[in-house]
> 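Take a look at the following structure, please.
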Amino acid sequence: MAQATKTIGGPSPESVVTLEMPVWRIRLMLLWRSLRANAALFAENPIGLVGLAIIFFFFLMALAHPILMATVWDRNVYHPVVGIDQTIPFHPSPPSPTHLLGTDPLGRDILSQLMWSAKSEFFLGTVAALVTLVIATTVGAVSAFYGGIVDSLFMRLADLIIMTPVVTLLIVLSTLMNVTLIELAFLVGILSGFGGATIIIKSQALTIKVRTFIEAARVAGGSNTHLIVKHIIPNLLPLSFLYMMFTVTNAIFLEAVLSFFGLLNIRMSWGLMIHTTEYCGYLLDLKRWWLIFPASLSITFLCAAFYLVGRALDEIVNPRLRRR
Amino acid sequence: MRRYIVRRIIQNVLTFFLFLTVVYIMMDAQPGDYANIYLQDPRLTPDQREILRSRLGLDKPVMERYLLWLKSFIQGDFGISFSNYPRPVIEVIAERAPRTLVLFLSASVMSFYMGFVAGKILAWRRGGLLEYATTIGGVGLYTIFTPWFALMMIWIFAFTLDIFPIGKFINPVIWLQAPVGANYVFYRMLLTALVASLVLFMVLVFSRRIEPRRRKLARWGGAVVVLLGILAFWRSTGVGVYALDILRHLALPIMTLTLISFAGTMLLTRNSMLETLREDYIMAARAKGLPEKVIRDKHAARNAMLPVITSLVFSLAFALDGGVITESVFSWPGMGRTLLIAASTEDIPMAVGALVFTGTLALTAHLVADILYAYLDPRIRYA
């Protein structure tokens, strides 16, 4: 684990002079070893692997879209936003060899929309998760380290955010401002970064703070900043990584709900596909299943996949649930 | 205990003011103000616009405007809704809040109970196909795209099986000849539900002292008496048909919201139960030769309940969010749908009013969960 790395590569180089390898190589080796051990643990859990497989599938979809657009698919017909197939008299048209998942009421190819949106979902999830990672780790480490007023301020804020109905808040925010994909990503990231994730990460940081290697680093003359950045935060990263997964689930779900309500300013997404269906009056028309099912199932599966990976990781990194 | 409750209430009031301040900052950060709505009128001279601004109080400094806004807010003056013109926001809220409360409360209570029982049984019968199936089903329900799930419920139960109506609050065809309004009937329904649950609670509390064999009889007897009382009351009012119509419309949204929010409780109860089952007192109970059911329900489940109650706060926010989605898919005219319509028609006073309502509901629910927790777990410090 990362913590083991730290105990060997301390702040003072004198202590490792006796070793023949340079410090960074030892660190890299230990990191590699812990990664391999954790990957083996992760592979034991079928639930996590299923999640990973689904994520990989959607990732391939996102990758394949630009290639298909450049080679096989005609831009005027298959473009997810402005394309239209004029050879078909009536839209929405059922699945056919040219349109594997049919077309939507405006004559656009559903499969192309699905693949194009996968890319933006990954973008959204990644940005939101990174924002969460940065905020939650920093705030958790700082408030655990300093305690006192900083701590109680951040914890009260986290309490407030935990009980906020986020969908409601974002619906109101979307009337007050023009929310695009990147803004939504930042909003979700900030909300989950200051919210529940902080509390868990802070409690983990509290247990790290009292370990002996922190004492040792302090005795060796490490400043507060050095202790937080070099010793506490690296040990928090596994847990933060776990919360990144849950943030991705949240971000995708929120994006889907908001664009289902037609409140986001985006060009195309799975939620928007269902919104278009509703807008054109095909919502309860299950004979035209290709208008609703592919998009809804994609949302559900990708959300579930990240959640499952999160749960599987939880059993590895969360000290409370660890079976070993 | 009392000191703890008072403290929590004061904290919540402070949080409420913080929340109001954040809402105000959000509104005030908007470019332009209400006077700008008249900008497009060419007959308005700059002087007149200034007069308009000062009449509306928009030329005052921010702090004073904030205090004025706060004052009128506390007095219940939320402004006038644009999309329901000329009805004031507070009137719209007063009409629609009970409908949301019914949905939210009944779904929360039911999902908590169902999730708790399901999680308990799941942890008890560990391993096997049942566990896998329910875990996957639970995760599926937890992460399913809620609007789609609601649509599927409509499609199965309303469209194909035709058991429940597709959406909305009442069926206008039945209500054409109705002697009273829908709200009249609905408020009486609320009253009935309140009285019935109070009586049932009393029966539960008082029957605790009775010896086990007669206890069951007393409880069932109480339930039957309450049921008969409700039936007799609604027969005497003569509007029972209309109440039944509202109930039919209510059933499917409650079912959907319950199913959406019950999975989280179930998964958590299962985890918590698994931890509790490893405790020594469970082994002691087994060694005493107590029946399995008693160990499960009285020794393990009661202690496993505590973390679940703590997480109730999360699931309450989840249920409120789910409520907005459920209401809008089912066209249920509650606060969630009102918020959504206000948001999409840029009716800012209504949207802010609905947001404040939701915030208040979340705060109150949080307070109740906290007090419940303090009552259930005597080990926590009331500091």
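Below, chain A is the first sequence line, B the second, and so on; all start at residue 1.
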> So for B:Ile136, is it side chain, backbone, both, or neither that comes closer than 4.5 Å to the heavy atoms of chain A?
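The answer is neither part of B:Ile136.
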
> Counting heavy-atom pairs under 4.5 Å with chain A, which one of B:Leu267, B:Ile144, B:Thr15 comes out on top?
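Of the candidates given, the most pairs with chain A belong to B:Ile144.
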
> What residue, out of A:Leu263, A:Thr249, A:Leu302, A:Val257, has the most heavy-atom pairs lying under 4.5 Å from chain B?
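If we count pairs closer than 4.5 Å to chain B, A:Val257 comes out on top.
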
> How about A:Thr132 and A:Ser192: does a side-chain donor come under 3.5 Å of a side-chain acceptor?
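Present: a donor and an acceptor within the cut-off.
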
> Please give me the minimum heavy-atom distance between B:Thr100 and B:Trp332, naming the atom from each residue.
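That would be N-NE1, 4.4 Å.
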
> Side chain from CB out, backbone as N, CA, C, O: work out which of these in A:Ile274 comes under 4.5 Å of a heavy atom of chain B, or both, or neither.
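Just the side chain, heavy atoms under 4.5 Å.
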
> Hey, what do you get for CG (B:Leu320) to CZ (B:Phe357), rounding to the nearest 0.5 Å?
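Rounded to the nearest 0.5 Å, the CG-CZ separation comes to 8.5 Å.
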
> Is a donor from one side chain sitting under 3.5 angstrom from an acceptor on the other, for A:Glu255 and A:Ser259?
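The answer is yes; a qualifying pair exists.
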
> Can you tell me if CG on B:Leu129 sees more than 12 non-hydrogen neighbours from other groups inside 6.0 Å?
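Atom CG in B:Leu129 is not packed in, count stays at 12 or less.
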
> Quick one: which of B:Val23, B:Thr146, B:Ile166, B:Ile154 has the most heavy-atom pairs under 4.5 Å with chain A, could you say?
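It is B:Thr146.
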
> So A:Phe253 and B:Phe145, would you call those rings parallel, tilted or perpendicular, with 30° and 60° as cut-offs?
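Perpendicular, since the angle between the ring planes exceeds 60°.
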
> So which residue, B:Asp347, B:Leu340, B:Leu274, B:Thr358, ends up with the most heavy-atom pairs under 4.5 Å with chain A?
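When all of B:Asp347, B:Leu340, B:Leu274, B:Thr358 are compared, B:Leu340 has the most.
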
> Just by distance, do the side chain of B:Asn12 and the backbone of B:Leu363 share a donor-acceptor pair under 3.5 Å?
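Yes; judged by distance alone, with no hydrogens or angles, the pair exists.
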
> Taking the side chain as every heavy atom from C-beta outward, state whether A:Leu308 and A:Met245 have any pair of such atoms under 4.5 Å apart.
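Sidechains of A:Met245 and A:Leu308: no contact.
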
> Report which part of A:Ser174 has an atom under 4.5 Å of a heavy atom belonging to chain B: side chain, backbone, both, or neither.
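For A:Ser174, neither part sits under 4.5 Å from chain B.
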
> Between B:Thr21 and B:Tyr66, is any side-chain donor less than 3.5 angstrom from a side-chain acceptor?
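Yes, because at least one side-chain N or O of B:Thr21 sits under 3.5 Å from a partner of the opposite role on B:Tyr66.
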
> Which answer fits B:Ile325, side chain, backbone, both or neither, if we ask what part of it has an atom under 4.5 Å from a heavy atom of chain A?
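When you check distances to chain A, atoms from both the backbone and side chain of B:Ile325 fall under 4.5 Å.
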
> For B:Ala365, is it the side chain, the backbone, both or neither that has a heavy atom under 4.5 Å from a heavy atom of chain A?
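No part of it gets close to chain A.
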
> Examine whether an atom of A:Val166 lies under 4.5 Å from a heavy atom of chain B, and if so say whether it belongs to the side chain, the backbone or both; otherwise answer neither.
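For A:Val166, backbone and side chain are both near chain B.
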
> Which answer fits B:Leu18, side chain, backbone, both or neither, if we ask what part of it has an atom under 4.5 Å from a heavy atom of chain A?
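B:Leu18 touches chain A through side-chain heavy atoms alone.
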
> Using a cut-off of under 4.5 Å for heavy-atom pairs, which of A:Leu173, A:Leu160, A:Ile252, A:Val172 has the most such pairs with chain B?
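Maximum pair count with chain B is reached by A:Val172.
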
> Which atoms of B:Phe19 are under 4.5 Å from chain A, going by heavy atoms: the side chain, the backbone, both sets, or neither?
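Nothing of B:Phe19, per the 4.5 Å heavy-atom cut-off to chain A.
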
> Please work out whether the ring planes of A:Phe293 and B:Trp148 are parallel, tilted or perpendicular, with thresholds of 30° and 60°.
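The rings of A:Phe293 and B:Trp148 stand perpendicular, inter-plane angle above 60°.
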
> Is it the side chain or the backbone of B:Thr345 that comes within 4.5 Å of chain A heavy atoms, both, or neither?
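For B:Thr345, there is no contact with chain A at all, as no heavy atom is under 4.5 Å.
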
> Between B:Val329 and chain A, with a heavy-atom cut-off of 4.5 Å, which part of the residue counts as in contact: side chain, backbone, both or neither?
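Looking at B:Val329, just its side chain touches chain A.
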
> For B:Leu361, is it the side chain, the backbone, both or neither that has a heavy atom under 4.5 Å from a heavy atom of chain A?
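Contact with chain A involves no heavy atom of B:Leu361 at all.
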
